[in-house]
Colleague: 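Have a look at the structure that comes next, please.
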Amino acid sequence: RKPRKARNGVVVRGDVVGGLARAGVRGDPEGGSKRDRARRDDGPERGGVAVPGGRPREQRDAVHRGARRAELAPEGESPVVHNPETDEAYFEGLEEEYAIFDGEDPVVTTTACFDDLLIPPDHPGRQKSDTYYVTKETVLRTHTSAHQSQHLRAGYERFLCTGDVYRRDEIDASHFPAFHQMEGVKLMPESLEMSREDWLASPQCAAVASDLKKTLEGLVDAVFQNPDLEKRWRDDYFPFTEPSFELDVFYQGEWMEVLGCGVIHTGVLDRCALASRRGWAFGLGLERLAMVLFEIPDIRLFWTEDPRFHSQFTSGDVVQFKPYSKYPPVFKDVAFWIPDSYQENDFFELARGVAGDLVEQIAEIDSFQHPKTLKTSKCYRVTYRSMDRSLTDLEINAIQNDLRDQVADTLHVELR
């Protein structure tokens, strides 16, 4: 499969963000349309398995719902559409040509998602409480970096990779189990082979970092439509880049983190048989950026079918979101004694499976340890709110009772 070239009007819509549909979640072993299948890279054998296979049904449903709703936004009528189009148009304007990938299979191997990126076996991101495992050796990609080594081994030296990614996470206005990222990679000309320590101290490494920063400063100027945008760089740490950086911009009176990036770790390039090459990579979260640019208060709005949301946006224009309704929340508390094996993300994922998009936030409001039994109790406040209608106490009481029952049965907690 070959990538397409950058062009104006590139969008992220169903053929990109409906990744789970391509992976067989609608019972189609091939998944997706003929166009999707023609554009898709050869991925791990799926055999029609429900994704994420082997997980409780309510967890699968939560992710499936996100992927299905991602297909509903009309082309050119979603703020998520704006970001990759603007980003790709910026790279199209550079002297060097970047290949663009936006149709890879979201089911990847643990080798591609973790090992090729030097993410150690004990890293929290590899745990089942953080990642959707399809099989023991395949996962729903947690970042678009999962395709980086694949394309480097195929000989691509400059490319962008945009797609849907999946993580089990907390529940609030800025987190959702399915969201979107853009990955960018550039290799530099052949470099003199040297030790890791000598490389990090060399002028050549500094030159790669300088090229990275110059490129990304131009990108954020284009995205924010402000050539005078104030920026700052901070040192950071990622397993797959060295040195690593975060880029912040000063926007609407405060500093905001925009993206992470760095010089590609020599170990990553070694695994791709590119020991003599050097380069840089960056990752950009599209929803996070769109929420700031368009002043969108809740990430669930990206998945709404309500035309009052989608009709406010035209691709290429940065406009302030105008709230069309604010339905009242319904609060419910749940408390339980937790076992030693308790993982908070398991509770969050279970709640998503029971309540779907009606759960707006879950916040821990109390925690204590019994002085005699040494057992730990946690109390959570669940905020229910629909983006489209008012909720009734009868409806939410039924959901809350179902949640309590499933928490006790699935997570082996003792309800209080």
Colleague: Enter the distance from Lys231:NZ to Glu217:CD here, rounded to the nearest 0.5 Å.
Modeller: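 Those atoms lie 5.5 Å apart.
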Colleague: Rounded to the nearest 0.5 Å, what separates atom CG in Asp102 from atom SG in Cys161?
Modeller: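 Spacing of CG (Asp102) from SG (Cys161) equals 8.5 Å.
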Colleague: I want to check something: taking the side chain as every heavy atom from C-beta on, are Asp357 and Phe176 in contact at a cut-off of under 4.5 Å?
Modeller: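 A side-chain contact under 4.5 Å exists here.
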Colleague: State whether the number of non-hydrogen atoms from other residues, nucleotides or ligands found under 6.0 Å of Gln252 atom CD is greater than 12.
Modeller: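 More than 12 within 6.0 Å, yes.
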Colleague: Quick one: sort the Tyr166 and Tyr132 rings into parallel, tilted or perpendicular, breaks at 30° and 60°.
Modeller: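 Taking Tyr132 first and then Tyr166, their aromatic rings stand perpendicular (interplane angle over 60°).
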Colleague: Check the pair His151 / Phe159 against ring pair (Phe, Tyr, Trp, His ring centres under 6.0 Å), numbers first and verdict last.
Modeller: CA-CA 8 Å; His151 297 317; Phe159 56 86; 5.3 Å; yes
Colleague: Nearest 0.5 Å please: distance from the CG atom of Leu117 over to the OG atom of Ser149.
Modeller: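 The distance works out to 5.5 Å.
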Colleague: Counting N and O atoms only, with roles assigned by atom type, does the side chain of Thr138 sit under 3.5 Å from a partner on the main chain of Thr135, one being a donor and the other an acceptor?
Modeller: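 At least one qualifying donor-acceptor pair exists.
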Colleague: With distance as the sole test, does Ser311 use its side chain to make a donor-acceptor pair with the main-chain N or O of Pro307 at under 3.5 Å?
Modeller: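 Yes, the answer is positive, given that a donor and an acceptor are paired below the 3.5 Å cut-off.
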Colleague: Does a sphere of radius 6.0 Å around CG in Leu394 hold more than 12 heavy atoms from other residues, nucleotides or ligands, not counting ones at 6.0 Å or beyond?
Modeller: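 Check fails, neighbour count at 12 or below.
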Colleague: Flag the pair Val292 / Tyr251 as yes when at least one side-chain heavy-atom distance between them is below 4.5 Å, and no otherwise.
Modeller: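 Answer yes - side chains close enough.
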Colleague: Any side-chain to backbone donor/acceptor pair from Glu257 onto Glu246? Under 3.5 Å, distance only.
Modeller: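 Between the backbone of Glu246 and the side chain of Glu257 there is no qualifying donor-acceptor contact (under 3.5 Å).
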Colleague: Can you name the nearest heavy-atom pair linking Leu411 to Pro339, along with the distance?
Modeller: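 For Leu411 versus Pro339, the nearest heavy atoms are O-CG, 3.8 Å.
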Colleague: Any side-chain donor-acceptor pair under 3.5 Å between Gln150 and Glu104?
Modeller: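 No, because no side-chain N or O of Gln150 sits under 3.5 Å from a partner of the opposite role on Glu104.
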Colleague: Show, in sequence, the C-alpha distance, side-chain angles and deciding distance for Phe294 and Phe321, and conclude whether the ring pair (Phe, Tyr, Trp, His ring centres under 6.0 Å) test is met.
Modeller: CA-CA 6 Å; Phe294 299 92; Phe321 168 65; 9.6 Å; no
Colleague: Would you name the heavy atoms of Asp172 and Ile299 that are closest together and state the gap between them?
Modeller: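 Closest pair (atom of Asp172, atom of Ile299, distance): O-CG2, 4.4 Å.
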Colleague: Are the side chain of Glu287 and the backbone N or O of Phe179 linked by a donor-acceptor pair below 3.5 Å?
Modeller: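 No, because the side chain of Glu287 does not come within donor-acceptor range (under 3.5 Å) of the backbone of Phe179.
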Colleague: Set out, in order, the CA-CA distance, both residues' side-chain angles and the distance that settles ring pair (Phe, Tyr, Trp, His ring centres under 6.0 Å) for Trp303 and His310, then state yes or no.
Modeller: CA-CA 10 Å; Trp303 313 102; His310 297 289; over 10 Å; no
Colleague: List the atom of Trp280, the atom of Val208, and the distance in Å for their closest heavy-atom pair.
Modeller: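 Nearest pair, atom of Trp280 first, then Val208: CD1-O, 3.6 Å.
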Colleague: Which ring pair (Phe, Tyr, Trp, His ring centres under 6.0 Å) pairs, counting each pair once, include a residue from residues 378-400, with sequence neighbours left out?
Modeller: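 Residue pairs with at least one partner in residues 378-400: Phe336-Tyr380, Phe347-Tyr380.
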Colleague: To the nearest 0.5 Å, what is the distance between CD on Glu242 and CG on Leu118?
Modeller: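 If we round to the nearest 0.5 Å, Glu242:CD and Leu118:CG are 9.5 Å apart.
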Colleague: Please confirm whether Arg126 makes a cation-pi placement over Tyr133, using NZ or CZ under 6.0 Å from the six-membered ring centre and within 45° of the ring normal.
Modeller: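 No, Arg126 does not sit over the ring of Tyr133.
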Colleague: Report yes if some heavy atom in the side chain of Ile399 is under 4.5 Å from a heavy atom in the side chain of Leu358; otherwise report no.
Modeller: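 Yes. Closest side-chain heavy atoms under 4.5 Å.
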Colleague: Indicate yes or no: does Arg141 engage Asp164 in a salt bridge with an N to O separation below 4.0 Å.
Modeller: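 A salt bridge links Arg141 with Asp164.
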Colleague: Heavy atoms, side chains only, cut-off 4.5 Å: are Thr266 and Trp199 in contact?
Modeller: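 Yes, at least one pair of side-chain atoms sits under 4.5 Å.
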Colleague: Please find the pair of heavy atoms, one from Thr142 and one from Thr131, that lie closest to each other, and give the distance.
Modeller: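 Scanning both residues, the minimum pair turns out to be CG2-OG1, 3.5 Å.
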Colleague: Quick one: does any side-chain atom of Tyr98 pair with a main-chain N or O of Gly184 as donor and acceptor, under 3.5 Å?
Modeller: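 Pair absent, no side-chain N/O of Tyr98 close to backbone of Gly184.
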Colleague: Please report the shortest heavy-atom distance between Val220 and Leu229, naming the atom on each side.
Modeller: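 Between these two residues, the closest heavy atoms are O-CD2, 4.1 Å.
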Colleague: Mind checking the OG1-OH spacing from Thr304 to Tyr324? Nearest 0.5 Å is all I need.
Modeller: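 OH of Tyr324 is found 4.5 Å from OG1 of Thr304.
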Colleague: Ion pair present between Arg168 and Asp346, side-chain N to carboxylate O less than 4.0 angstrom?
Modeller: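 Between Asp346 and Arg168 there is a salt bridge, with a charged N closer than 4.0 Å to a carboxylate O.
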Colleague: Would Asp169 and Arg167 pass as an ion pair if we require N to O under 4.0 Å?
Modeller: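 Here Asp169 does not pair with Arg167 in a salt bridge, since their nearest N and O are not under 4.0 Å apart.
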Colleague: Looking at Arg288, I'd like to know if its CZ atom is crowded, meaning that more than 12 non-hydrogen atoms belonging to other residues, nucleotides or ligands lie closer than 6.0 Å.
Modeller: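 Check fails, neighbour count at 12 or below.
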Colleague: If you measure from the Lys or Arg side-chain nitrogens to the Asp or Glu carboxylate oxygens, is any gap between Asp211 and Lys186 under 4.0 Å?
Modeller: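 Here Asp211 pairs with Lys186 in a salt bridge, since their nearest N and O are under 4.0 Å apart.
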Colleague: Do NZ/NE/NH1/NH2 and the carboxylate oxygens of Asp270 and Arg196 come within less than 4.0 Å?
Modeller: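 Not counted as a salt bridge, because no side-chain N and carboxylate O are separated by less than 4.0 Å.
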Colleague: Would you call Arg381 and Glu364 a salt bridge, taking side-chain N to carboxylate O under 4.0 Å as the test?
Modeller: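 Between Glu364 and Arg381 there is no salt bridge, as every charged N stays at least 4.0 Å from the carboxylate O atoms.
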Colleague: Do Asp116 and Phe240 have side-chain heavy atoms sitting under 4.5 Å apart?
Modeller: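 Answer no - side chains too far apart.
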Colleague: Could you pull out the closest heavy-atom pair between Ile171 and Ala351, with the gap in Å?
Modeller: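 Between these two residues, the closest heavy atoms are CD1-CB, 4.2 Å.
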Colleague: Going through the distances and angles, do Val334 and Val407 end up as a side-chain contact (heavy atoms from CB on, under 4.5 Å)?
Modeller: CA-CA 10 Å; Val334 58; Val407 165; 5.7 Å; no
Colleague: Under 4.0 Å between a Lys/Arg side-chain N and an Asp/Glu carboxylate O for Arg234 and Asp248?
Modeller: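 Here Arg234 pairs with Asp248 in a salt bridge, since their nearest N and O are under 4.0 Å apart.
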Colleague: Using atom types as modelled and distance alone, determine if a side-chain donor or acceptor of Arg278 lies under 3.5 Å from a backbone N or O of Cys205.
Modeller: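 It does not hold such a pair.
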Colleague: Just so I know, are the side chains of Lys213 and Trp233 near enough to count as touching, which here means a heavy-atom distance under 4.5 Å?
Modeller: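 Yes, side chains in contact.
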Colleague: What distance separates Arg416 CZ from Arg404 CZ, expressed to the nearest 0.5 Å?
Modeller: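 Atom-to-atom, Arg416:CZ and Arg404:CZ are 11.0 Å apart.
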Colleague: Less than 4.0 angstrom from a charged side-chain N to a carboxylate O is my criterion; do Glu395 and Arg389 meet it?
Modeller: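 Result for this pair is yes, salt bridge flagged.
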Colleague: State whether a side-chain donor-acceptor pair under 3.5 Å links Glu183 with Ser145.
Modeller: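 Ser145 and Glu183 do have a side-chain donor-acceptor pair below 3.5 Å.
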Colleague: Could you go through the salt bridge (Lys or Arg N to Asp or Glu O under 4.0 Å) check for Glu157 and Arg277 one step at a time?
Modeller: CA-CA 10 Å; Glu157 300 196 351; Arg277 304 299 297 275; 2.9 Å; yes
Colleague: Salt bridge check: are Asp115 and Arg271 linked by an N-O gap of less than 4.0 Å?
Modeller: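 Result for this pair is no, no salt bridge flagged.
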Colleague: Taking the six-membered ring for Trp and the full ring for Phe, Tyr or His, determine whether the centres of Phe101 and His147 are under 6.0 Å apart.
Modeller: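 That pair fails the under 6.0 Å test.
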Colleague: Run the numbers on Phe368 and Trp337 for ring pair (Phe, Tyr, Trp, His ring centres under 6.0 Å), then give the verdict.
Modeller: CA-CA 10 Å; Phe368 75 96; Trp337 301 100; 5.5 Å; yes
Colleague: Taking C-beta and beyond as the side chain, do Gln369 and Leu374 meet within less than 4.5 Å on heavy atoms?
Modeller: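 Of all side-chain heavy-atom pairs linking Leu374 with Gln369, at least one is under 4.5 Å.
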Colleague: Any luck finding a side-chain donor-acceptor pair between Gln406 and Asp402 under 3.5 Å?
Modeller: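 Result is yes, a qualifying pair exists.
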Colleague: Short question: side chain of Gln312, backbone of Arg308 - any donor-acceptor pair under 3.5 Å?
Modeller: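 Yes, the answer is positive, given that a donor and an acceptor are paired below the 3.5 Å cut-off.
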